[in-house]
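Reviewing the structure listed below.
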Amino acid sequence: MAKTSSNVTRWTRDYVFDILKDLGIHYIFGVPGTNEIPIIDGTSYEVNGVKYIECLHENIAIGAAMGSARMTGKPGVLVVHVTPGIAHSIGNLFNAYRSEMPLVILCCQQQNELVTQEPLLASNLVELAREYTKWAHEVRTPAEIPLVLQRAFKEAMAPPNGPVFISIPWDFTMVAIRDTDKVKGVTRISPHFTGDDATIRQAAELFAASQSPVIVAGDAVGYADAWPELQELAELTGAPVVLQTFSSVANFPNNDYHWQGELPGSQSAIQDIFNKHDLAFLVGFGAQAQLAVFKYSDGPLFPEHLKQIYLTNNTWDIAKNYYGEAAIFGDIKTTLPLLNRYVKAKPPQGAAERNQEMKVMDGERAKNWAAYLQSAMKEEKIWSVVIASALKEAIEKRGLVDKYVYVHEAVSDGAPFQYYLPLGTTGAKPISYYCVAGGSLGWSMPASIGIKLEQTTVQGITPKLVINAVGDGSALFYPQVWWTAAHEQLPILYIITNNHEYHTLQMGLQQVVSAYGEAPGYQWHPKTMDPSYLRLEAPVINYVSLAQAFGGQSGEKVETPDNVKAAIEKAVDHVLNNKTSYILDMRIAQDTPVTPTDTSKIVREAEINKHYFMQPTLDVFHSDGVTAQLAKEAASRGNGNGHVPANMPAIF
């Protein structure tokens with residue numbers, strides 16, 4: 001392997017660049033460390049065609065690599081520093097694992113001959129990363145680097161996608177090799193395999209016997225770009241389509257009347273949905289229990305009478321929590337047409353009537369949301385529906401429906417954005433929407449970097465306009481992102497939904513008290529329902545100034561609903577015509593919320609939840625159950641117990 005000539009031009013680190021060239025990957029993300037310099041140095045050579053994107057925290061680097069991977073469908077590549085580096089990235093590594101993101105993480109271990117003596121920063125890196133990766137390995141000898149790299153990239157891309165971690169002693173990366181020593185290529189396993197025909201027929205028979213089917217669309221649907229195929233099945237069966245909670249992509253088009261939004265975030269609300277059905281088709285549905293509070297005494301999420309059909313490309317996600325009468329292991333996009341053909345030959349009874357019912361409901365939903373928007377315009381504070389509506393108008397007016405990506409971490413307020421943004425069949429694609437199934441905060445701002453860098457995407461959209469809506473608390477995890485955005489001249493629109501508190505945790509507190517406040521054996525109540533440790537108000541943070549400090553970004557504070565539209569128009573034009581980002585600090589609460597006394601706790605809860613109680617449900621098909629739950633919870637406000645509206649998002 002080694003060359004004896006002094007004119008060495010290739011080293012073992014160049015096997016990495018052989019693979020990146022073969023796959024057409026043009027970026028490596030990371031935070032510089034001494035051990036990683038040999039690999040980073042390889043990006044200095046124009047012939048390699050790879051640019052190093054410097055980040056200021058490893059969790060930013062992995063988050064940016066995730067955004068890049070979601071756009072291209074190819075592995076995002078990052079280089080992290082020994083021990084603290086991989087430890088810093090665990091939050092978004094968890095998100096990547098739960099969201100099935102293809103990643104290859106390279107970590108340069110301390111010198112091989114020294115590791116046993118426990119030098120500075122050394123540790124068992126593989127054990128740190130193993131739990132949230134498809135494969136984790138430390139290279140044993142420089143000679144196995146090409147073998148290990150080929151396997152790593154092959155595994156990251158094989159269905160189901162996922163992160164792979166490779167530890168390489170840093171001295172191994174500098175071993176001289178011959179110019180002819182190259183990685184031949186990366187084996188690519190086709191994801192397009194169909195399920196077993198007999199099981200598909202069995203599923204069709206279950207549909208034929210169903211009186212009230214429901215479809216739950218998970219992330220594997222969006223990853224497979226399978227909207228048309230699932231739309232056909234919904235039409236054939238007259239089934240409403242609900243999405244998994246915290247969907248990573250848009251798993252069903254929101255302009256199809258079967259679309260009912262995401263599953264709710266409480267045990268009782270999920271039960272209300274499934275109790276209405278006799279059959280559930282769980283397609284690509286991996287994140288099946290996105291809850292913070294669950295009590296076995298209150299019964300399972302899926303009732304006993306509910307028959308279940310599974311279809312996905314990951315055996316782990318098939319019937320992992322509940323028994324499935326039919327379990328189809330296969331690619332969703334290639335298998336659904338076969339299922340549709342059998343269902344079409346023998347459709348379930350009442351499909352046409354259910355379809356007509358949902359069309360009427362869809363019209364009523366539009367009227368209710370329009371009325372809600374008008375009510376929001378009269379409020380002193382900015383409700384997220386006003387922001388979402390203005391974004392929709394700005395995108396459509398500029399003809400950017402197939403040229404934008406919305407990155408979502410305004411976790412308290414998903415519904416208005418999911419409803420209003422053009423995430424339908426008029427040009428958008430599943431990857432026009434980006435979130436993560438993991439829930440570890442701090443994913444969106446890093447992802448916006450990787451998304452904006454990629455101009456060619458796997459599903460054909462172009463991220464000309466990248467919009468990142470993020471809560472004020474989440475924005476504080478990694479404001480260093482703004483330095484990388486400025487450094488790389490990446491114009492991104494950042495919208496801070498600023499309520500001066502950890503709003504999801506305020507709701508979470510209510511949910512916990514609601515579940516355990518009167519429960520025998522618990523009867524737990526906090527000292528106050530409005531604790532200071534959930535506030536971000538003293539001192540008030542100036543996000544525009546913070547962004548400017550990281551690189552001269554532009555922005556403004558927006559305080560009232562009537563100023564939102566003009567601010568968004570200005571911001572969109574800025575990022576389309578400049579090379580700097582724009583920050584909109586949207587004040588969805590006053591600068592200093594009034595701290596209530598103990599006797600006014602209920603008033604404070606009403607303030608927190610007002611726009612949720614008024615907000616129309618997305619899931620109009622199951623609205624009777626939701627409305628009843630809301631009425632029940634509203635009636636409970638006077639008894640001192642916590643309560644959470646059924647149409648609130650999941651809490652974590």
Side-chain angles (χ1 to χ4, degrees), residues 55-57 60 63-64 67 381-384 386-388 390-391 394-395 398 400 404-413 417 421 434 441-453 463-501 503 536-537 539-561 563-591:
C55 304
L56 302 185
H57 192 285
I60 296 174
K381 299 175 291 186
I382 299 171
W383 290 1
S384 292
V386 179
I387 304 170
L391 282 173
I395 291 166
R398 290 164 177 79
L400 297 174
Y404 88 100
V405 175
Y406 171 72
V407 187
H408 178 70
E409 200 177 354
V411 292
S412 303
D413 291 288
F417 295 101
L421 290 177
Y434 180 99
L441 294 180
W443 71 77
S444 65
M445 290 174 62
S448 67
I449 297 292
I451 290 169
K452 184 59 182 176
L453 284 167
K464 182 177 181 180
L465 173 62
V466 177
I467 304 161
N468 178 197
V470 56
D472 52 331
S474 296
L476 293 174
F477 274 62
Y478 304 113
Q480 307 98 306
V481 163
W482 286 321
W483 181 88
T484 300
H487 183 67
E488 297 296 335
Q489 297 185 323
L490 298 175
I492 298 164
L493 172 52
Y494 294 99
I495 299 176
I496 313 296
T497 54
N498 188 352
N499 49 31
H500 312 288
E501 64 186 7
H503 195 60
L536 294 171
E537 59 180 336
V540 173
I541 298 164
N542 188 323
Y543 288 88
V544 176
S545 295
L546 183 60
Q548 289 173 340
F550 276 110
Q553 315 283 15
S554 300
E556 62 182 294
K557 179 173 67 174
V558 187
E559 298 186 277
T560 59
N563 290 323
V564 169
K565 181 178 178 180
I568 284 180
E569 291 285 336
K570 179 181 177 181
V572 169
D573 286 339
H574 177 95
V575 297
L576 291 177
N577 297 304
N578 295 276
K579 294 183 178 181
T580 57
S581 294
Y582 200 90
I583 289 79
L584 287 176
D585 181 354
M586 293 284 189
R587 297 304 175 95
I588 62 177
Q590 290 98 352
D591 273 347

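It should be emphasised that the depicted structure is a prediction, and the values quoted were computed from it without experimental measurement.
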### Message
Run Trp482 and Tyr494 through side chain to side chain contact (heavy atoms under 4.5 Å, CB included) and show every step you take.
### Response
CA-CA 10 Å; Trp482 286 321; Tyr494 294 99; 3.3 Å; yes
Do the side chain of [X] and the main chain of [Y] share a donor and acceptor less than 3.5 angstrom apart?
X	Y	answer
Thr497	Met586	no
Lys452	Lys464	yes
Glu409	Gly442	yes
Asn498	Asp472	no
Gln553	Ser581	yes
Trp443	His408	yes

Mind listing the closest non-hydrogen atom pair of [X] and [Y] along with its distance?
X	Y	result
Pro491	Val575	CB-O, 3.3 Å
Lys565	Ala390	CA-CB, 4.1 Å
Ile588	Lys381	O-CD, 3.6 Å
Ile541	Asp585	O-OD2, 4.4 Å
Leu465	Leu576	CB-CD2, 4.2 Å
Gln480	His57	NE2-CB, 4.2 Å

### Message
Walk me through whether Lys570 and Glu556 qualify under side chain to side chain contact (heavy atoms under 4.5 Å, CB included).
### Response
CA-CA 10 Å; Lys570 179 181 177 181; Glu556 62 182 294; 3.6 Å; yes
Quick check for you: to the nearest 0.5 Å, what is the distance between [X] atom [atom1] and [Y] atom [atom2]?
X	Y	atom1	atom2	value
Asn578	Gln489	CG	CD	11.0 Å
Ile395	Ile467	CD1	CD1	4.0 Å
Ile496	Leu584	CD1	CG	9.0 Å
Ile568	Ile387	CD1	CD1	6.5 Å
Asn563	Lys557	CG	NZ	12.0 Å
Gln548	Tyr543	CD	OH	15.0 Å

### Task
Apply side chain to side chain contact (heavy atoms under 4.5 Å, CB included) to Ile449 and Ile492, showing your working.
CA-CA 8 Å; Ile449 297 292; Ile492 298 164; 4.2 Å; yes
### Message
The test is side chain to side chain contact (heavy atoms under 4.5 Å, CB included); show your working for Leu391 and Tyr404 and say whether it passes.
### Response
CA-CA 11 Å; Leu391 282 173; Tyr404 88 100; over 6 Å; no
### Task
Please name the residue in the list Ile60, Val470, Leu441, Thr484 that meets the side chain to side chain contact (heavy atoms under 4.5 Å, CB included) test with Tyr478.
Ile60
### Tyr582: ring pair (Phe, Tyr, Trp, His ring centres under 6.0 Å) partners, not counting sequence neighbours
His574
### Message
With ring pair (Phe, Tyr, Trp, His ring centres under 6.0 Å) as the test, pick out the partner of Phe417 among Tyr406, Tyr434, Trp383.
### Response
Tyr406
### Query
With sequence neighbours left out, which residue pairs that include part of residues 476-486 fulfil the salt bridge (Lys or Arg N to Asp or Glu O under 4.0 Å) condition?
none
